[in-house]
Amino acid sequence: MSVKINSLEIENVKRIKAVKLEPSANGLTIIGGTNNQGKTSVLDAIAWALGGDKYKPTAAARDGAYTNVINLKRPLNGKQNVWKYQNGEEKSDSDGREKDV
């Protein structure tokens with residue numbers, strides 16, 4: 001099973017203060033940087049968003065942060081599906097509609 005991500009926004013997850021990614025249309029996105037810049041934190045955030053608490057990284061919140069947020073958009077059944085997570089809790093349902101919280 002493959003997953004296509006249309007856009008990704010991460011705030012206060014591990015080493016990341018804020019990042020927004022919109023992968024290229026050709027299907028290849030390279031995340032690069034020197035040591036301790038947050039490359040693995042991006043991958044950890046994606047795994048957490050798609051896999052739930054089972055994949056929540058240890059020390060998930062960035063130092064000094066009160067909340068962490070992951071917004072992940074991907075196509076599903078021809079529609080744009082949006083997952084929103086705040087502090088590790090899913091804020092949208094499988095149809096991408098925001099849940100009442």
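Note that the structure is a prediction, hence the values are computed from the model and not measured.
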Asks: Compile the donor-acceptor pairs under 3.5 Å between side chains in residues 34-43 and protein atoms, sequence neighbours left out, one pair per line.
Replies:
residue: Lys39; atom: NZ; partner: Gly33; partner atom: O; Å: 3.1
residue: Lys39; atom: NZ; partner: Thr34; partner atom: O; Å: 2.9
residue: Ser41; atom: OG; partner: Arg15; partner atom: N; Å: 3.4

Asks: Less than 4.5 Å apart, side chain to side chain, heavy atoms only: is that true for Trp48 and Val13?
Replies: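 Touching, per the 4.5 Å side-chain cut-off.
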Asks: Here's a test for you: under side chain to side chain contact (heavy atoms under 4.5 Å, CB included), which of Leu8, Ile46, Ile5, Asn6 qualifies with Leu21?
Replies: Leu8
Asks: Mind checking whether Asp44 and Lys14 have side chains closer than 4.5 Å, heavy atoms only?
Replies: yes
Asks: Taking atom CG of Leu28 as the centre, does the number of heavy atoms from other residues, nucleotides or ligands within less than 6.0 Å exceed 12?
Replies: yes
Asks: Can you sort out the partners of Lys20 under side-chain contact (heavy atoms from CB on, under 4.5 Å), two or more places apart, ordered by chain and number?
Replies: Glu9, Glu22
Asks: Is Tyr55 reachable from Ile10 through a run of I, L, V, M, F, W or Y residues, each pair having side-chain heavy atoms under 4.5 Å apart?
Replies: no
Asks: If I compare all heavy atoms of Ile16 with all of Arg62, which pair ends up nearest, and what's the gap?
Replies: O-CD, 3.3 Å
